[in-house]
Amino acid sequence: DVCRHFHDVEFVKKQLDIMAMFKMNYFHWHLTDDHLWTIEIKKYPRLAEVGSVRRNADGSIHRGFYTQEQIKEVVAYAAERYITVIPEVELPGHALAALATYPELGCTGGPYEVCQMWGVFPEVFCPGNEKTFEFWEGVLDEVAELFPGEIIHIGGDECPRDAWKKCKKCQTRMKQENMKEEGELQDYTVHRIEAYLKGKGKRVIGWDEILEGDVSKTAIVMSWRGKTGGIKGAKRGNEVVMVPNDYAYFDYYQSKDVDKEPFSIGGFVDVAKVYSLDPTEGLTAEEGKKIIGVQANLWTEYITTFSHAQYMLLPRMAALAEVAWTPQADREYSNFLNRAKLLTQRYEALGYNFAKHILQEAKSNE
Ligand code: ACM
Ligand code: ZN
């Protein structure tokens, strides 16, 4: 996540180095949100002027975006490490940075501001307006060119629908399309964008909210509200990436002794919990084949430096790597823990910051 706090190309490259060390082969790059728009779009140059600048209440300014040249540089750096980059462009929610730039794309017409508080906000894109689709397609045209990988993340999470209820354009679209409730508008949006990207040879992935509608079977589901969405998705035939918040949100605390930890968004996911993730639990062998991967999320509301990011990633990423690459039957926590401790010699040799005390205190369950 480079939208809550922007992180520069050097930061991203260093994170890719860590990912390569653990054979993580996809980097999901969360590029747009309420709090910043971080990718240059040539067709919409004002995004980089307005959407990439946040004015905080204390008078400070937080800003940042990647030029298309920088995006290419990161994509190439990742490719050298056998990592494919999946860009995320959020729609129809998490839209405030875009709406601050182009208020006509919201239901009320604004004005809107790039958001300075953390949370989920009711100001979302207006899918009743054809111009909104024109904008999304224009953005995705350039994104599809910049990222050679097949998969594009279109968000889909946490989109309140109150504005749509009061919006003439949204209500007109709903009548024309025979929709009874606003959830169907979200579904319409995802279907339309998926079809558009299919025409460019791309596949979409979206947060598990996309399952609340009748999403197409070719969309990939990213399960974040626990494993529930992933299980539902796999059973109905969608491919799934598991990033259940209760196992794989690395912005959560990794110790219960929170006073000794850097301030975090909350939650609790320690290294043992990460290791205990069985991505295909609750599924038949056939359904389990639909689980194509696991991921960790590193949201950056409170993560402003690379050193802090490293601390949140290590040692938990070692546990996630083993979840990803080692068959469940061959995994055993105390065995892992011994190797995870040995691995810290590499972190030290490389000058990495990591949660040292957490490994020292970690008890094997034998
Ligand atoms: C999410 O954490 N809103 C995907
Ligand atoms: Zn609307």
Side-chain angles (χ1 to χ4, degrees), residues 1-4 28-35 86 88-96 98-99 102-110 112 115 118-136 153-177 179 181-186 188-190 192 204-212 220-230 233 240-252 264-267 269 294-303 312:
D1 168 25
V2 292
C3 298
R4 277 44 180 264
H28 169 188
W29 205 0
H30 183 77
L31 291 165
T32 76
D33 213 300
D34 296 305
H35 306 93
I86 298 179
E88 181 179 359
V89 174
E90 277 264 18
L91 61 91
H94 288 281
L96 271 164
L99 295 184
Y102 299 109
E104 64 273 24
L105 305 182
C107 290
T108 64
Y112 305 100
C115 201
W118 310 137
V120 173
F121 301 93
E123 297 89 355
V124 298
F125 282 110
C126 176
N129 187 349
E130 219 24 54
K131 284 213 161 64
T132 307
F133 283 89
E134 214 177 274
F135 171 80
W136 286 332
H153 202 307
I154 59 166
D157 61 323
E158 299 179 317
C159 183
R161 295 160 188 160
D162 308 315
W164 299 351
K165 286 187 185 147
K166 295 179 204 138
C167 170
K168 268 204 189 111
K169 291 195 188 87
C170 285
Q171 293 302 314
T172 303
R173 168 95 71 202
M174 284 177 64
K175 276 203 197 83
Q176 283 166 348
E177 299 288 335
M179 298 175 191
E181 59 99 28
E182 284 70 23
E184 291 169 83
L185 252 188
Q186 160 121 358
Y188 168 90
T189 300
V190 172
R192 233 181 110 170
V204 300
I205 186 166
W207 299 112
D208 60 46
E209 281 90 336
I210 63 173
L211 278 173
E212 288 165 14
I220 306 167
V221 174
M222 189 166 267
S223 188
W224 74 279
R225 296 176 296 180
K227 289 196 248 179
T228 313
V240 167
V241 173
M242 281 289 190
V243 49
N245 64 322
D246 45 348
Y247 294 84
Y249 267 36
F250 287 6
D251 55 333
Y252 288 5
S264 295
I265 199 154
V269 170
V294 294
Q295 171 174 306
N297 283 351
L298 191 67
W299 303 108
T300 62
E301 280 89 341
Y302 301 101
I303 298 173
M312 301 307 267

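Both counts, for ligands and for their atoms, begin at 1 and track the order of listing.
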Item to check | Centroid-centroid distance, W207 to H30, less than 6.0 Å | outcome: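 Distance test on ring centres: not under 6.0 Å, no.
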Next on the checklist: Under 6.0 Å between ring centres: does that hold for W118 and H35?
Outcome noted: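 Yes, ring centres under 6.0 Å apart.
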Checklist entry - Quick one: angle C170 SG - the Zn ion (ligand 2) - C126 SG, to the nearest 10°? => result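 It rounds to 110°.
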Checklist entry - Rounded to 10 degrees, what angle sits at the Zn ion (ligand 2) between C107 SG and C167 SG? => result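 About 110° at the Zn ion (ligand 2).
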Checklist entry - Is R192 close enough and on-axis enough to F133, meaning under 6.0 Å and within 45°, for cation-pi? => result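 Yes, a cation-pi geometry holds between R192 and F133.
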Next on the checklist: Tell me the protein heavy atom at minimum distance from atom 2 (O) of ligand 1, and give that distance in Å.
Outcome noted: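 The answer is Y249 OH, 2.6 Å.
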Item to check | Protein heavy atom at shortest distance from atom 3 (N) of ligand 1 | outcome: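 In this structure, atom 3 (N) of ligand 1 has D157 OD2, 2.7 Å as its nearest protein heavy atom.
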Item to check | Heteroatom distance test (E158, ligand 1): nitrogen or oxygen, under 3.5 angstrom | outcome: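 Checking ligand 1 against E158, an N or O pair does fall under 3.5 Å apart.
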Next on the checklist: Using side chain to side chain contact (heavy atoms under 4.5 Å, CB included), reason through E177 and E184 one step at a time and then give a plain yes or no.
Outcome noted: CA-CA 9 Å; E177 299 288 335; E184 291 169 83; over 6 Å; no
Checklist entry - Can you list the ligand 1 atoms lying under 4.0 Å from a non-hydrogen atom of W224? => result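 That gives atoms 1 (C), 2 (O), 3 (N), 4 (C) of ligand 1.
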Item to check | For W299, the ligand 1 atoms whose distance to one of its heavy atoms is below 4.0 Å | outcome: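 The list of qualifying atoms is 1 (C), 2 (O), 4 (C).
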Checklist entry - Do any N or O atoms from the side chain of T108 and from the backbone of G110 form a donor-acceptor pair under 3.5 angstrom? => result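 Here the side-chain-to-backbone pair exists.
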Checklist entry - Does one side chain, of E181 or Q186, offer a donor that lies under 3.5 Å from an acceptor on the other? => result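 Checked: E181/Q186 side chains show no N/O donor-acceptor pair below 3.5 Å.
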